[in-house]
Amino acid sequence: MKIKIARTAGFCFGVKRAMDKVLNTSNRLRSAIYTDGPLIHNPQIVKALEQRKISVLDDAAAPGGGATVVIRAHGVSPARKAFLESRCAQVIDGTCPLVSKIQNIVKKEIEKGRYVLIIGEAGHPEVIGILGFASGMGAVINSEEEISRLTEEKEGNAGDKSKIAARFAGGVSVVAQSTQELEHFENLVSVLKLKFNDIKVFNTICNATRKRQEEAAQLAREVDLMVIVGGKNSGNTKRLAEVAQYSKTPAVLVETEEELNAEMFAGKHTVGITAGASTPNWMIRNVAQKIEEISYNSKPFPLRLLKKTVNFLIDSDIYIGICAFAMAYVASTLIAKTIHPFEAWLAALYIFSMHTLNRYIDRDASRYNSSSRNKIYHKFSKYIMAGGVLASLSVVALSLHFGVWLFLFYVLCSLAGVLYSINFVPVGFRPYVRYASLKNIPGSRDLFISTAWAVVLTFSPAVSGKWIFEWRLLFTFSIIFIMAFCRTITLDIKDIQGDSIVGKETIPTLIGSKYSVLLMKFLLLCASVITIVAVLVNEYEYYSLSLIANFAYMLVIINKFGKETNYYGNYIEGLIDFNFILAALFLLITKWTLILF
């Protein structure tokens with residue numbers, strides 16, 4: 001079964017902006033935080049925010065005087081905003097810029113004495129907020145019947161004729177709720193133009209919404225079934241389902257992958273996926289992975305076994321251990337022109353244990369970032385924890401075989417890993433200290449993992465007496481650090497929305513995916529320069545230049561996956577980590593080619 005995902009599926013600019021505001025506020029402040037109504041129309045996100053102690057205010061409620069309130073993307077009326085500002089210590093405006101634009105249009109048209117008609121859903125928070133700017137000189141319409149009732153009043157069939165005439169005397173201005181369907185808006189406008197002579201029309205439908213609906217319609221014509229992902233209380237998500245159904249393609253609306261079953265896909269060959277503006281990309285990926293899983297259940301047994309084996313190797317971090325062994329070969333070849341198998345396996349085992357234990361500690365994030373890994377870590381949590389601890393202890397115990405210095409080296413590395421995650425600030429002092437552990441320092445995880453790779457792979461053989469400290473050690477340390485750093489950052493960009501929800505402040509969540517990509521490209525350039533310089537000063541052999549081809553592979557991977565997209569499946573992580581195996585292959589092939597020829 002083929003799966004097609006709409007390019008426009010997921011968070012729109014306004015929703016992402018509001019999410020960033022509330023999450024950044026949560027990271028910065030320690031006082032109570034509220035959102036004025038559900039931040040977005042997505043029950044799963046609202047629940048996740050509640051776990052971070054970000055509460056939802058009811059329309060009539062007001063928090064205590066020391067609270068901070070974030071206005072959601074839908075915006076609020078001037079009266080509501082004034083009410084919140086009078087009751088709260090801080091009000092942060094997360095209104096979507098387009099919604100603010102609509103509010104300003106309404107305000108200006110009212111000042112000109114014109115009556116404003118809003119085409120939209122009367123009970124929708126965005127429409128309620130916009131109507132508040134009309135100061136009693138506005139109305140909401142969403143059907144031809146409502147227009148008929150409005151024009152009956154205009155013609156004096158109801159109420160006082162003079163008051164009704166005065167209401168429309170200055171002319172009529174029309175705006176749209178930002179998520180309205182364009183065709184629906186244009187149909188109602190054409191009816192209004194027949195009823196009113198002095199009419200001004202402002203097409204305030206969000207361009208992203210229009211493109212999302214157009215793409216959904218096009219996709220629906222190409223597939224056998226449409227799956228729309230999003231909150232069932234979300235207006236724009238429900239409209240996407242309607243758009244799909246207009247194309248006479250069956251459509252199902254789901255909030256999570258748990259609502260999917262094999263019967264839905266019986267006889268279907270191609271499935272399209274789109275999502276509302278309030279749907280994070282990790283929910284879209286989880287749905288796509290579930291559909292792929294259902295599809296593979298009908299495949300031949302050898303294919304199913306192969307897929308499950310590959311997924312298990314990646315999800316259990318065995319694959320990253322294999323990649324670490326490959327990088328140990330790279331380090332040995334660059335520095336000593338040969339490999340020391342025992343130290344290489346020790347280094348690989350340490351990196352495996354580090355990743356396993358860190359993922360176990362951060363398993364809350366895997367709930368959002370990887371449904372398959374989340375299942376493994378919950379189903380086999382005791383065994384994974386025991387495996388990580390056993391691997392770490394084995395490294396320390398086996399290192400003693402090669403001398404006390406290597407033993408002390410791995411003891412210190414293991415202690416550093418433990419101390420990184422431990423809360424070292426006493427409970428009573430934590431309210432006064434921003435960071436209770438090293439893990440809580442923004443961006444520290446990316447730097448810690450990359451440094452651990454570089455330290456262990458570069459210096460463990462040197463400590464055991466196999467190598468001496470020289471410039472090539474520092475060159476190799478820098479190259480391995482850059483490769484591990486780029487790997488970590490690329491995966492963090494893929495998981496940026498899930499990490500933000502659980503409060504994990506990685507480098508991409510701090511500086512954004514765009515600047516993270518620029519940083520990685522700069523570092524890859526530095527790695528290329530380091531390699532060339534090391535060869536020119538005779539610290540590396542000529543075959544080491546093959547690593548530049550490896551850096552080019554990394555650049556391709558970064559350009560492909562270094563952005564917030566809906567790519568799904570373990571193959572992404574597999575391709576990113578294959579970079580390490582590829583580095584070993586490049587060196588091995590180039591080295592033996594030069595030897596033989």
Side-chain angles (χ1 to χ4, degrees), residues 282 285-286 288-297 299-330 341 344-363 365-392 394-395 449 452-453 456-457 480 483-484 486-488 490-492 494-495 498 550 553-554 557 560-561 567-586 588:
W282 49 263
R285 288 202 303 263
N286 288 348
Q289 284 181 300
K290 178 71 173 182
I291 296 171
E292 188 179 64
E293 183 183 312
I294 291 170
S295 173
Y296 260 85
N297 287 337
K299 301 284 185 184
F301 174 75
L303 235 116
R304 297 202 311 270
L305 180 63
L306 176 64
K307 182 174 175 59
K308 286 184 178 180
T309 302
V310 170
N311 282 341
F312 179 78
L313 289 174
I314 293 173
D315 287 333
S316 63
D317 287 316
I318 294 173
Y319 179 65
I320 197 65
I322 296 169
C323 293
F325 181 80
M327 281 307 294
Y329 169 79
V330 171
W345 280 116
L346 274 185
L349 198 58
Y350 174 81
I351 289 171
F352 164 77
S353 68
M354 176 186 68
H355 278 272
T356 302
L357 294 174
N358 274 325
R359 286 198 199 277
Y360 181 82
I361 292 167
D362 286 335
R363 60 192 181 277
S366 71
R367 244 181 340 178
Y368 306 114
N369 295 333
S370 174
S371 58
S372 59
R373 177 169 278 136
N374 181 49
K375 288 175 184 175
I376 285 179
Y377 268 73
H378 276 80
K379 188 175 182 180
F380 305 108
S381 60
K382 292 180 181 178
Y383 301 104
I384 289 170
M385 182 66 176
V389 172
L390 182 62
S392 185
S394 298
V395 169
I449 290 174
W453 273 72
V456 170
L457 293 174
I480 294 175
M483 291 176 69
C486 289
R487 179 253 179 199
T488 305
T490 306
L491 289 173
D492 283 345
K494 179 177 77 72
D495 298 335
N550 182 249
Y553 172 83
M554 294 174 69
I557 289 293
K560 181 72 174 176
F561 302 117
Y567 291 116
Y568 68 95
N570 279 337
Y571 85 95
I572 300 173
E573 188 169 339
L575 285 174
I576 293 169
D577 289 343
F578 185 68
N579 158 57
F580 300 127
I581 296 174
L582 198 61
L585 290 174
F586 278 150
L588 181 65

Going through the checks in order, is the side chain to side chain contact (heavy atoms under 4.5 Å, CB included) test met by Tyr571 and Ile314? CA-CA 9 Å; Tyr571 85 95; Ile314 293 173; over 6 Å; no
Spacing of CD1 belonging to Ile351 relative to CD1 belonging to Ile322, to within rounding of 0.5 Å: 13.0 Å
Side-chain contact test, heavy atoms from C-beta onward, threshold under 4.5 Å: evaluate it for Ile581 versus Tyr319 and give yes or no. yes
I need the full list of salt bridge (Lys or Arg N to Asp or Glu O under 4.0 Å) pairs touching residues 576-586, with sequence neighbours left out, sorted by first then second residue. Arg487-Asp577
To the nearest 0.5 Å, what is the distance between CZ (Phe352) and CD1 (Ile318)? 6.0 Å
So, Ser392 side chain and Gly388 main chain: donor-acceptor pair closer than 3.5 Å or not? no
Check step by step if side chain to side chain contact (heavy atoms under 4.5 Å, CB included) holds for Lys560 and Ile572. CA-CA 10 Å; Lys560 181 72 174 176; Ile572 300 173; over 6 Å; no
Are any of the side-chain heavy atoms of Leu457 and Val330 separated by less than 4.5 Å? no
Lys307 and Glu292: CA distance, side-chain angles, deciding distance, side chain to side chain contact (heavy atoms under 4.5 Å, CB included) verdict: CA-CA 11 Å; Lys307 182 174 175 59; Glu292 188 179 64; 3.1 Å; yes
Do Arg285 and Asp495 have side chains that approach each other closer than 4.5 Å (heavy atoms only, starting at C-beta)? yes
Can you give me the closest heavy-atom contact between Ala584 and Ala326, atom names plus distance? CB-O, 3.6 Å
Between atom CZ of Phe312 and atom CG of Leu305, what is the distance when rounded to the nearest 0.5 Å? 12.5 Å
Taken in chain and number order and not counting sequence neighbours, the residues that satisfy ring-ring contact (aromatic ring centres under 6.0 Å, His included) with Phe580 are Trp453
CG of Asn311 to CD of Glu293, rounded to nearest 0.5 Å, is 9.0 Å
To the nearest 0.5 Å, atom SG of Cys486 lies from atom CD1 of Ile557 at 12.0 Å
Under a 4.5 Å cut-off applied to non-hydrogen side-chain atoms, are Met483 and Asn550 in contact? yes
Work out which heavy atom in Tyr553 is nearest to a heavy atom in Leu575; give both atom names and the distance. OH-O, 2.7 Å
Which heavy atom in Arg304 sits nearest to a heavy atom in Lys299, and how many Å separate them? NH1-O, 2.6 Å
From Trp282 CH2 over to Asn286 CG, what is the distance, rounded to the nearest 0.5 angstrom? 7.0 Å
Asp315 side chain reached by Glu573 side chain, heavy atoms, under 4.5 Å: no
Locate the shortest heavy-atom distance separating Ser353 from Ala391; write the atom from each residue and the value. CB-CB, 3.7 Å
